[in-house]
Undergrad: 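This is the structure I have questions about; it appears just below.
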Amino acid sequence: MHELEELQDKHSTRPDVFDDVEEEHNIDILTAEISQMFSRAKQGLLVINRQAKNGSDQEKKVAKNVVSSLAITLQDLSVDFRKAQSSFLKSKRNKGGEF
């Protein structure tokens, strides 16, 4: 996400939003990759949850705590990502971009 933020900042500070098509393409690729990572992380949490149902009471408790902690972190990251995307797209619209 840090790399994406740097690319977006660099792209947003250009005088002409259409200066670098390759840079814009890289932004699109990173955005898609990060979105896929969020999906895989969510699926991973579901797998942990499912597998814990077959464990002992202690294993279930540990799994529940791990899933809860990771879900909160994932949610925080997701909110940050959506805010950054929204800000970037708003900036592009204000400069006359097609987003």
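This is a predicted model, so every value here is computed, not measured.
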Undergrad: How far apart are the C-alpha atoms of Gln58 and Lys61, what are their side-chain angles, what is the distance that settles it, and do they pass the side chain to side chain contact (heavy atoms under 4.5 Å, CB included) test?
TA: CA-CA 5 Å; Gln58 187 175 9; Lys61 187 173 185 175; 5.7 Å; no
Undergrad: Out of curiosity, Lys60 NZ to Asn65 CG, how far, rounded to the nearest 0.5 Å?
TA: 14.5 Å
Undergrad: Rounded at 0.5 Å granularity, tell me how far CZ in Arg50 sits from CG in Leu45.
TA: 11.0 Å
Undergrad: How many angstroms lie between atom CD1 of Ile29 and atom CD of Glu22, to the nearest 0.5 angstrom?
TA: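 Answer for the CD1-CD pair, Ile29 versus Glu22, is 9.0 Å.
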Undergrad: Please confirm whether the backbone N or O of Thr31 pairs with a side-chain atom of Ser35, one donor and one acceptor, at under 3.5 Å?
TA: yes
Undergrad: To the nearest 0.5 Å, how far apart are CD1 in Ile27 and CD in Glu3?
TA: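 Between atom CD1 of Ile27 and atom CD of Glu3 there are 10.5 Å.
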Undergrad: Mind checking the CE-CG spacing from Met1 to Leu4? Nearest 0.5 Å is all I need.
TA: 8.0 Å
Undergrad: Linking I/L/V/M/F/W/Y whenever their side-chain heavy atoms sit closer than 4.5 Å, directly or via other members, would Val47 and Leu70 fall into one cluster?
TA: no
Undergrad: Side chains of Val79 and Lys83: does their closest heavy-atom pair fall under 4.5 Å?
TA: yes
Undergrad: What's the spacing between Gln43 CD and Phe38 CZ if we round to 0.5 Å?
TA: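 If we round to the nearest 0.5 Å, Gln43:CD and Phe38:CZ are 14.5 Å apart.
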Undergrad: Can you tell me if Lys42 has over 12 outside heavy atoms packed within less than 6.0 Å of its NZ?
TA: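 No, because the 6.0 Å sphere around NZ of Lys42 holds 12 heavy atoms or fewer from other groups.
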Undergrad: Quick one about Ser78 and Arg82 (side-chain donor to acceptor, distance below 3.5 Å, no hydrogens or angles considered), yes or no?
TA: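 Yes, Ser78 and Arg82 have a side-chain donor paired with an acceptor closer than 3.5 Å.
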Undergrad: Tell me whether Leu89 shares a hydrophobic cluster with Ile34, the cluster being built from Ile, Leu, Val, Met, Phe, Trp, Tyr side chains joined at under 4.5 Å.
TA: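 They do share one cluster, since a chain of ILVMFWY contacts under 4.5 Å joins Leu89 to Ile34.
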Undergrad: Would Met37 and Val67 show up in the same hydrophobic cluster when neighbours are defined by side-chain heavy atoms closer than 4.5 Å?
TA: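 Per the 4.5 Å side-chain linkage, Met37 and Val67 are not co-clustered.
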Undergrad: Can you establish whether the number of heavy atoms outside Glu6 located under 6.0 Å from its atom CD is more than 12?
TA: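 More than 12 heavy atoms, drawn from other residues, nucleotides or ligands, come within 6.0 Å of this atom.
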